Amino acid sequence: MIINVFILSSSLCVTVLILLYVHTDIDNSSPDPTFSASDSIPQHDTYASTYASRHLLHESAKHDKSQMITHSVQGTVDDVHIVFTTGCSGYQNWQSETLLYSWARVQHPGRITRIIAGCKDDTERSLANRTAVPNDDNRILFYFVPDYTPTANDSKGVKSGHRPFHYFNKPHGMKQWIASEFERLHENVIVLIDPDMIVLRPFLLHMESTAKEWAEWQHAHTKDGDGGSPRDLYVREGHAVAQKYGIGAKWVKWSGFCDERASCRPSDRDAWKYYSVGPPYILHKNDWARVAPKWVEYSPLALEYEPQPSILAEMYSYVIACAYFDLKHEYLFSMLSDPGSSGHMENVDNLNWGFLHHNAQPAGGVSNEAYHEFHIIHYCQGFWLGETRNTGTIRNGGWNWHKGHVPQQILTNCEIPLLVMLDDTDTELVQMLKARDATKDKRHYWILYHIYKYVDEAVQNYRLKYCPSHSKRNSDGGDADENPAFQFKLVLQQPEADTETHRRMNYVLGEYDNKKKSWFGH
């Protein structure tokens with residue numbers, strides 16, 4: 001098997017970095033050579049003309065100005081706010097950078113906030129509070145909260161011998177953020193997603209006509225059991241939308257939450273019909289203000305019913321909190337996370353292979369992701385090519401992905417190479433790799449290609465700004481081939497593929513015997 005490793009050309013870097021504007025606490029006064037005014041996406045007028053000048057106001061005028069912005073935004077394409085909660089580690093930082101990059105890459109309207117939990121010191125806060133995506137109009141925001149990871153004293157569901165249950169940072173972070181920032185949330189609709197998600201197309205379900213069009217497409221092209229007619233996917237107060245998940249109805253038999261309310265005791269059929277959901281959760285901000293406190297309140301008991309090693313407790317406490325308010329969900333079929341899933345659960349039947357035919361790249365070279373027919377890739381699982389997952393890696397003629405095998409410090413350690421991406425130009429190589437995909441419709445190849453593509457682009461964009469050389473040449477003028485920060489040579493593998501120690505999660509292509517060139521994952 002021959003793998004060609006190329007350095008991405010500077011001209012292509014400009015192509016993939018025609019993006020947006022990100023808030024940081026670092027000095028952004030010097031221009032980034034990978035961006036220019038002509039490369040910028042169309043301005044969102046409501047923010048470009050009003051929000052960006054907000055910092056010039058005196059305190060006495062800020063409230064009136066905030067209300068003016070809110071009125072300007074409501075009902076427009078910008079009336080949507082993405083939010084996601086994370087920890088404060090390198091592992092969470094590279095995922096967050098990939099998400100922010102993908103959000104910018106699709107020219108998403110509105111704003112986005114990263115809620116960051118548990119930073120231990122100023123160094124951690126500084127690394128978590130920066131990104132390489134420009135943010136001239138402050139549409140990307142950061143919000144810090146304490147670490148809400150429970151102990152055994154907080155819930156009997158916390159078990160010894162397992163990783164800390166960091167998932168409570170999601171309900172607690174949302175509750176604190178909503179309460180603290182509510183008056184400054186100019187947008188009506190808030191979309192909560194996870195850090196290990198890649199945004200493939202904008203969430204526009206706050207626009208009634210667009211929501212109707214998407215519902216009609218979903219009805220016609222997916223196996224959504226919608227009862228024979230398109231769903232009402234227009235998000236508004238009292239009307240929530242979320243991605244369908246298979247968490248089911250087990251929670252309806254649990255007691256101690258809101259037993260006295262009829263809405264908390266739906267039938268199994270209705271629990272599956274309205275509450276078997278997960279991120280993206282798309283709610284009106286007034287609904288979030290109601291649900292978030294109950295979500296926090298119900299989480300410890302939910303963890304007792306759904307203890308470790310399960311990681312689903314906060315998903316159940318979310319739906320119970322929604323049931324308390326009789327807040328039912330319409331289902332969105334617009335995510336790919338499990339290529340082996342049924343089309344009745346995820347949108348696995350609409351993978352577009354246009355990228356292999358290079359027909360998704362319009363004239364002028366500007367990247368266009370319009371060919372994606374769902375909103376989210378959720379890389380929460382492992383994907384591979386080869387005979388088995390444990391042996392599927394390049395040196396064995398396969399491929400492998402698990403987010404826990406990516407070096408934690410891949411953003412900040414410029415000695416770590418970029419990931420080797422799957423080829424999309426060599427027809428013979430593509431067919432050979434697809435032949436090593438045992439999944440239906442070669443779904444592992446499809447999702448592997450896109451995950452590697454987005455992670456590499458996001459990390460490369462970050463390194464162009466924060467590694468020593470923007471030009472991808474060493475400080476002494478050496479060629480980029482000698483600069484590991486911009487070489488595509490990092491390979492992932494299952495630890496089981498390491499027959500000596502069963503520990504190595506990654507290695508450098510062509511240097512497997514050099515055990516020092518392997519980095520800690522998660």
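Note that the structure is a prediction, hence the values are computed from the model and not measured.
- Within the 4.5 Å cutoff, the side chain of Trp217 has heavy atoms near those of the Thr222 side chain.
- Judged purely by distance below 3.5 Å, without hydrogens or angles, the side chains of Ser337 and His378 never pair a donor atom with an acceptor atom.
- Between Tyr101 and Ala458, the shortest heavy-atom distance links the atoms CB-CB, 3.7 Å.
- In this pair, Tyr91 and His522 present their aromatic rings parallel. The plane angle is below 30°, not in the 30 to 60° band.
- The cationic group of Lys223 does not satisfy the cation-pi geometry with Phe333, failing either the under 6.0 Å distance to the six-membered ring centre or the 45° limit from the ring axis.
- The existence of a salt bridge linking Lys434 and Asp437 is excluded, since no basic side-chain nitrogen approaches an acidic carboxylate oxygen closer than 4.0 Å.
- Ion pairing between a basic and an acidic side chain is recognised when a charged N comes within 4.0 Å of a carboxylate O; Lys285 and Asp287 show no such pairing.
- Each of Trp295, Tyr167, Tyr298 was scored for a side-chain hydrogen bond (donor to acceptor under 3.5 Å, both in side chains) with Ser317, with one residue passing: Trp295.
- Formation of a donor-acceptor pair under 3.5 Å by the Gln92 side chain with backbone atoms of Pro195 is not found in this model.
- Here Leu492 contributes atom CG and Lys403 contributes atom NZ; the two are 14.0 Å apart, rounded to the nearest 0.5 Å.
- For Phe355 and Trp353, the distance between ring centers is under 6.0 angstrom.
- Counting heavy atoms of neighbouring residues, nucleotides and ligands inside a 6.0 Å radius, atom OH of Tyr331 exceeds 12 of them.
- No donor-acceptor distance shorter than 3.5 angstrom exists from the side chain of Arg389 to the backbone of Trp384, with no hydrogens or angles considered.
- At distances below 3.5 Å, at least one donor-acceptor pair connects side-chain atoms of Asn352 with backbone N or O atoms of Gly354.
- When all heavy atoms of Ile116 and Gly87 are compared, the closest pair comes out as CG2-O, 3.6 Å.
- Smallest separation of non-hydrogen atoms from Lys175 and Ala292: CA-CB, 3.7 Å.
- A donor-acceptor contact closer than 3.5 angstrom links the side chains of Tyr449 and Asp424.
- The distance from atom OG of Ser310 to atom CE of Met315, rounded to the nearest 0.5 Å, is 9.5 Å.
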Step-by-step side chain to side chain contact (heavy atoms under 4.5 Å, CB included) determination, Tyr143 to Leu141: CA-CA 7 Å; Tyr143 184 85; Leu141 309 170; over 6 Å; no

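- Scanning all heavy atoms of the two residues, the minimum distance from Glu306 to Ala313 falls at O-CB, 3.9 Å.
- Atom-to-atom distance recorded for Leu303:CG and Ile311:CD1 is 12.0 Å, nearest 0.5 angstrom.
- Within the 6.0 Å centre-distance limit, the rings of Trp401 and Tyr452 are counted as a close aromatic pair.
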Intermediate values then yes/no, side chain to side chain contact (heavy atoms under 4.5 Å, CB included), Val80 and Val235: CA-CA 10 Å; Val80 59; Val235 179; over 6 Å; no

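- In this structure the side chain of Ile190 reaches within 4.5 angstrom of the side chain of Ile178, judged on heavy atoms.
- Rounding to the nearest 0.5 angstrom, the gap separating the CG atom in Asp349 from the CG atom in Asp441 is 7.0 Å.
- The backbone N or O of Met505 sits nowhere less than 3.5 Å from a side-chain atom of His405 that would complete a donor-acceptor pair.
- Under the 3.5 Å distance criterion, with hydrogens and angles disregarded, a donor-acceptor pair is assigned to the side chains of Arg261 and Tyr324.
- Arg463 places a side-chain heavy atom less than 4.5 Å from the side chain of Leu418.
- In this structure, Trp214 has its ring center under 6.0 Å from that of His375.
- Counting heavy atoms from C-beta on, the side chains of Leu192 and Met174 come closer than 4.5 Å.
- For Tyr318 (side chain) and Val291 (main-chain N/O), no donor-acceptor pair under 3.5 Å exists by modelled atom type.
- Of all heavy-atom pairs spanning Gln243 and Leu332, the tightest one is OE1-O, 2.7 Å.
- In this structure, the side chain of Thr131 does not engage the main chain of Glu97 through any donor-acceptor pair within 3.5 Å.
- The shortest distance between side-chain heavy atoms of Val459 and Leu419 does not fall below 4.5 Å.
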Check against side chain to side chain contact (heavy atoms under 4.5 Å, CB included), Leu100 and Arg114: CA-CA 9 Å; Leu100 292 173; Arg114 176 185 176 187; 5.6 Å; no

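- Within the 4.5 Å cutoff, the side chain of Pro280 has heavy atoms near those of the Phe203 side chain.
- Considering all non-hydrogen atoms of both residues, Pro171 and Val296 come closest at O-CG2, 3.4 Å.
- With 3.5 Å as the limit, one finds no donor-acceptor pair spanning the side chains of Thr391 and Glu387.
- The aromatic rings of Trp288 and Tyr281 sit perpendicular, their planes meeting at an angle over 60°, well past the 30° parallel limit.
- For the pair Asn396 (side chain) and Gly386 (backbone), a donor-acceptor distance under 3.5 Å is absent.
- Ring geometry for Tyr275 against Trp251 counts as perpendicular: the plane angle is over 60°, on a 0 to 90° scale with 30° as the lower cut.
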Test side chain to side chain contact (heavy atoms under 4.5 Å, CB included) applied to Glu297 and Lys294, step by step: CA-CA 5 Å; Glu297 177 185 342; Lys294 285 294 181 184; 3.2 Å; yes

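- Here the CD1 atom belonging to Ile82 is positioned 11.0 Å from the CZ atom belonging to Arg139, to the nearest 0.5 angstrom.
- Using modelled atom types and a 3.5 Å distance limit, the side chains of His81 and Glu187 yield a donor-acceptor pair.
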Salt bridge (charged side-chain N to carboxylate O under 4.0 Å, His left out) between Lys273 and Asp270, worked out: CA-CA 5 Å; Lys273 185 176 180 180; Asp270 281 351; 5.4 Å; no

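- The backbone N or O of Leu200 sits nowhere less than 3.5 Å from a side-chain atom of Tyr454 that would complete a donor-acceptor pair.
- With Arg236 contributing its side chain and Tyr234 its backbone, the two residues share a donor-acceptor pair below 3.5 Å.
- The CZ atom of Arg290 lies 9.0 Å from the CG atom of Leu283; values are rounded to the nearest 0.5 Å.
- Side-chain atoms of His206 and Asn188, non-hydrogen and from C-beta on, never get closer than 4.5 Å to each other.
- Side chains of His444 and Trp399 form no contact here, defined as non-hydrogen atoms less than 4.5 Å apart.
- A salt bridge between Lys244 and Asp224 is absent, with no side-chain N of the basic residue lying under 4.0 Å from a carboxylate O of the acidic one.
- Relative orientation of the His172 and Tyr148 rings is parallel, given thresholds of 30° and 60° on the angle between their planes.
- With salt bridges taken as basic N to acidic carboxylate O contacts below 4.0 Å, none links Lys212 and Glu208.
- Judged purely by atom type and a 3.5 angstrom limit, Tyr462 has no side-chain atom pairing as donor or acceptor with the backbone of Trp94.
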